[in-house]
Amino acid sequence: MSVFILLLVVVIVIFAVKDIRISLISRPAFKFFKKVLPPLSQTEREAMEAGDVWWDGELFSGNPDWQVLHSYPKPELSEKERAFLDNEVETLLAMLDDYQIVQKDKDLPKEVWDYLKVKGFFALIIPEQFGGRQFSAIANSTIVAKIATKSLTAAVTVMVPNSLGPGELLLHYGTKEQQERWLPTLATGEDVPCFALTGPEAGSDAGSIPDSGVVCKREFNGEEIIGLRLNWSKRYITLAPVATVLGLAFKMYDPDSLLGKDKELGITCALIPTDHPGVETGERHFPLNMAFMNGTTYGKDVFIPLDWIIGGQQGAGRGWRMLVECLSAGRGISLPALSSATGHLCSRMTSAYAMVRQQFGLSIGQFEGVQEALARIGGLTYSLEACRLMTAGAIDLKLSPSVVTAIAKYHMTEMGRTVMNDAMDIHSGKGIQVGPNNYLAHGYMGIPVSITVEGANILTRNLMIFGQGATRCHPFVLKEMEAAAMEDDDLALKEFDSLLLQHIIFAGTNAGMAFIHGLTRSVFAKSPVCGATTNYYKQLGRMSRGLAFCTDVAMLILGGELKRKEMISARLGDVLSHLYLASTVLKRFEDEGRQQADLAFVQYSVERSLFEIGQAFDGFFKNFSNPVVNFLLKRIVFPLGNHYHRPSDDIAQTMCEHMTQPGVFRNRLTHLCYVDENAGTGVMENAFIAMHDTANAFKRLKKWQREGTLNRNADIETAINNAIEKQLITSEEGQRLHQANELRKQAIAVDNYKQGEL
């Protein structure tokens with residue numbers, strides 16, 4: 001006991017006496033930290049510093065304040081925004097024939113282009129003072145999602161001018177003169193914008209773009225000025241084939257020091273009319289049979305004045321920061337909107353098809369294999385909508401949460417892919433026959449487009465989510481990195497010492513609490529609510545502790561190597577991601593008044609995320625390089641083992657019951673799905689309602705056939721007629737059954753073509 005007390009006193013003295021602590025702990029740690037500090041390129045550093053830390057910071061803290069989550073305002077549409085959805089958007093949707101657009105014209109009709117321009121669909125984010133709609137992020141997202149349930153081509157055409165592009169950049173960084181010149185014509189559609197970043201040699205690694213702008217003197221409008229000589233070759237640029245104004249990213253050089261001493265100024269963005277001499281609109285791409293405009297743009301020795309740089313000469317070299325901060329629009333609004341649209345469409349139509357389609361005398365929705373997939377569709381749709389709402393809501397708080405939007409982009413597009421695959425499996429042959437009545441085919445073709453843009457998903461998961469999250473969201477690491485980079489070593493050591501002491505306490509607290517919560521199954525953990533979701537808050541808080549502690553250990557042991565250990569770091573990123581996704585689900589449940597019918601969907605979503613968190617931790621532990629540390633980490637985070645499982649079959653079956661019943665819940669789950677009375681969605685919905693209304697009567701028919709009262713081998717039409725003849729049902733009942741059966745046959749039919757028609 002005396003030895004233990006002596007050791008305790010020694011430890012207290014070492015940490016309590018500043019000079020001793022600095023000499024024995026902080027100085028060696030400072031040297032080690034500088035040694036293992038991962039080298040950051042300029043583009044990496046700017047990406048790391050750009051954007052805002054939001055709820056992701058709470059999740060990385062190890063002790064998230066759930067009251068903060070609940071205090072975020074519920075995203076809601078204004079009266080003006082809702083009126084636009086109810087009128088202009090509905091009118092647009094009625095104008096769209098997606099089969100004609102994609103399979104025949106390969107373009108939107110001229111009247112649709114004109115309508116989009118006149119009604120301000122390209123000006124959703126532009127302020128009213130410039131003639132725009134000045135809508136919120138949630139309105140922007142909702143409009144795009146609603147359109148996407150009818151036509152992905154139209155949705156992409158609308159979303160691009162309202163996400164990363166000239167409009168977004170001008171609003172945040174443009175000079176007053178640039179805003180007054182371009183925003184009014186962008187608002188009216190007189191000018192159509194595109195933004196060119198990606199090229200043949202540089203995609204996600206924007207720092208490698210070879211496109212250049214060299215400062216030089218040339219004649220422009222009759223006088224010699226200092227400007228830029230541009231050379232570029234870009235591809236995959238949406239709206240490039242029809243754009244009248246080109247946003248361009250390039251590397252800026254000043255070899256003759258005409259602007260100052262710096263010869264390499266960095267990535268810069270400029271705005272150029274496409275009819276400017278030397279600008280060439282190149283060939284069009286055809287992305288997976290989608291008809292939205294996408295193509296190439298080139299320029300050789302194109303001279304522009306410096307005031308065409310976004311932000312003017314002051315914007316020189318600031319392009320990468322501009323792009324990273326504005327990527328939130330694409331990652332946090334547009335792509336989540338497309339993914340959520342996939343969920344709404346697939347949930348509504350697949351639940352209907354599961355009721356309408358029959359095999360072995362039963363609706364296929366009664367088979368447990370179909371129920372498993374249908375429940376996954378419904379659960380992921382609930383999660384998709386929750387994440388869409390909360391992420392867009394962050395942007396409406398005037399934040400640019402780069403980590404959160406990266407999580408939303410990666411996981412929502414992947415969930416959308418899963419939902420679509422399940423929908424295709426349930427629809428089977430109907431899903432693969434392309435035609436005017438196939439409401440899944442074009443969405444299925446377009447899924448990989450979302451996967452690849454705004455940073456390919458592999459990059460987003462393996463580098464961005466944890467790479468940025470571990471430093472931006474951690475309460476101390478970025479500050480320690482900044483201290484290590486200070487030129488004054490004495491001042492740096494003093495700052496580092498203060499941070500290190502806090503960091504040690506932080507890590508020790510997280511380790512201890514993670515272990516205690518693991519032993520007690522989080523019984524004593526805090527929760528902001530009572531009831532069915534109480535334990536979910538406790539388990540998520542416990543996993544937040546585990547993430548914070550494991551992150552500290554991984555960075556301590558692996559240092560700069562962690563950046564290259566993508567499989568390891570990505571798993572920690574998965575933990576952070578599913579903490580966020582589960583948070584959005586719980587937030588939605590609270591915001592919408594804890595609807596009892598939603599509970600099974602909440603349970604499914606959160607339990608799925610907890611299971612994925614457990615799997616990510618298991619992969620992290622098994623593959624961590626140090627077996628001793630591996631053992632200790634696992635015993636601290638899961639001292640009694642990993643007990644997180646996939647959602648139960650009972651939950652899945654409850655969800656399917658809700659999804660296959662017409663009514664308030666199904667309408668809320670799929671409220672963004674546009675049902676076109678003149679197309680396949682309307683046919684399927686009408687058949688679903690009719691079959692549901694006559695379900696009991698059809699059951700009686702089947703019963704009479706089994707009992708021999710009616711011919712057991714008769715088809716449905718004959719059985720109905722026989723039942724009328726035998727006065728088992730009235731003629732009016734028989735007529736309703738015939739009508740329902742006719743709608744059912746129309747719904748399960750597929751498109752056919754005459755010989756030579758294709």
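The first residue of the sequence shown is numbered 1, and numbering continues consecutively from there.
H344 and H671 have perpendicular rings, their planes meeting at more than 60° on a 0 to 90° scale where under 30° would count as parallel. Relative ring orientation between F638 and F621 is described as perpendicular, the plane-to-plane angle rising above 60° on a 0-90° scale split at 30° and 60°.
The distance between the ring centers of H643 and F611 does not fall below 6.0 angstrom. Ring-centre distance between F665 and F601: below the 6.0 Å cut-off.
Looking only at distances, a side-chain donor or acceptor of D56 sits under 3.5 Å from a matching main-chain atom of W54. Not a single donor-acceptor pair under 3.5 Å links the side chain of Q371 to the backbone N or O of Q653. Between the E590 side chain and the L586 main chain, no donor and acceptor come within less than 3.5 Å of each other. The backbone N or O of I651 sits less than 3.5 Å from a side-chain atom of S648, completing a donor-acceptor pair. Remark: side-chain polar atoms of S136 are paired, donor with acceptor, to backbone N or O of A139 under 3.5 angstrom. Here the side chain of T534 pairs a donor or acceptor atom with the backbone of G531 at under 3.5 angstrom. Checking side-chain atoms of T405 against main-chain N and O of G332 turns up no donor-acceptor pair under 3.5 Å. Remark: side-chain polar atoms of S347 are not paired, donor with acceptor, to backbone N or O of T381 under 3.5 angstrom. Counting only distance, with no hydrogens or angles, the side chain of S522 and the backbone of G518 share no donor-acceptor pair below 3.5 Å. Looking only at distances, a side-chain donor or acceptor of D52 sits under 3.5 Å from a matching main-chain atom of S400.
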query: Can you check side-chain contact (heavy atoms from CB on, under 4.5 Å) on R588 and Y382, steps first, answer last?
result: CA-CA 9 Å; R588 179 186 178 187; Y382 191 91; 3.3 Å; yes

- request: Using the side-chain contact (heavy atoms from CB on, under 4.5 Å) rule, take F466 and L576 through it: C-alpha gap first, then chi angles, then the decisive distance, then the call.
  value: CA-CA 8 Å; F466 183 78; L576 175 63; 5.9 Å; no

query: Where do H474 and H503 land on the side-chain contact (heavy atoms from CB on, under 4.5 Å) test, with the steps shown first?
result: CA-CA 10 Å; H474 195 289; H503 196 155; 3.5 Å; yes

task: Give the C-alpha distance, both sets of side-chain angles, the deciding distance and a yes or no for side-chain contact (heavy atoms from CB on, under 4.5 Å) between T418 and L380.
output: CA-CA 9 Å; T418 299; L380 292 182; 3.7 Å; yes

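Enclosure of atom CD1 in I458 is not indicated, since only 12 or fewer non-hydrogen atoms of other residues, nucleotides or ligands lie within 6.0 angstrom. Counting heavy atoms of neighbouring residues, nucleotides and ligands inside a 6.0 Å radius, atom CZ of R646 does not exceed 12 of them.
Separation of atoms OG1 (T670) and CD (E385) is listed at 10.5 Å; rounding is to 0.5 Å. Summarising the geometry, atom SG belonging to C656 is positioned 10.0 Å from atom CD belonging to E368; distances are rounded to the nearest 0.5 Å. Note that CZ of R542 and CG of N510 are 13.5 Å apart. Values are rounded to the nearest 0.5 Å. Taking CE of M513 as the start and OG of S544 as the end, the distance is 11.5 Å to the nearest 0.5 Å. The distance from atom CG of N630 to atom CD1 of I557, rounded to the nearest 0.5 Å, is 10.0 Å. Interatomic distance, CG of L397 versus OH of Y72, reported as 8.0 Å (0.5 Å rounding).
Q603 has its side chain out of reach of P647: every pair of non-hydrogen atoms, C-beta onward, lies at least 4.5 Å apart. Proximity of L547 to T551: side-chain heavy atoms (C-beta onward) are separated by under 4.5 Å at one or more points. Residues L338 and T342 fail the side-chain proximity criterion, which asks for heavy atoms closer than 4.5 Å. S383 places none of its side-chain heavy atoms less than 4.5 Å from the side chain of L581. In this structure, the side chains of W66 and L540 come closer than 4.5 Å at one or more pairs of heavy atoms. Looking only at side-chain heavy atoms (C-beta outward), L599 and Q596 come within less than 4.5 Å of each other. Taking 4.5 Å as the limit, every side-chain heavy atom of E612 sits out of range of all side-chain heavy atoms of D574. A heavy-atom distance below 4.5 Å is not found between the side chains of K538 and F524.
K409 and N457 share a side-chain donor-acceptor pair at under 3.5 Å. If you check the side chains of S577 and H411, you find a donor sitting under 3.5 Å from an acceptor. Inspection of the T391 and Y580 side chains reveals an N or O donor paired with an N or O acceptor under 3.5 Å. Remark: the Q539 side chain and the Y644 side chain contain an N/O donor-acceptor pair separated by less than 3.5 Å. In this structure, a donor-acceptor pair under 3.5 Å is present between the side chains of S583 and W55.
Between D591 and K587 there is a salt bridge, with a side-chain nitrogen of the basic residue lying less than 4.0 Å from a carboxylate oxygen of the acidic one. E414 and R461 are not joined by a salt bridge, as no carboxylate oxygen comes within less than 4.0 angstrom of a charged side-chain nitrogen. With salt bridges taken as basic N to acidic carboxylate O contacts below 4.0 Å, one links D598 and R668.
When all heavy atoms of I447 and G416 are compared, the closest pair comes out as CD1-O, 3.9 Å. A pairwise comparison of heavy atoms in A137 and I333 identifies CB-CD1, 3.6 Å as the closest pair. P401 and A394 get closest at one heavy-atom pair: CG-CB, 4.0 Å. Here the shortest heavy-atom pairing between E566 and S569 reads O-OG, 3.4 Å. Contact between V403 and C473 at its shortest, heavy atoms only, is CG2-SG, 4.1 Å. Closest approach of R388 to S141, counting heavy atoms only: NH1-OG, 2.8 Å.
The side-chain tip of R571 does not point at the ring of F617 from less than 6.0 angstrom away and within 45° of straight on.
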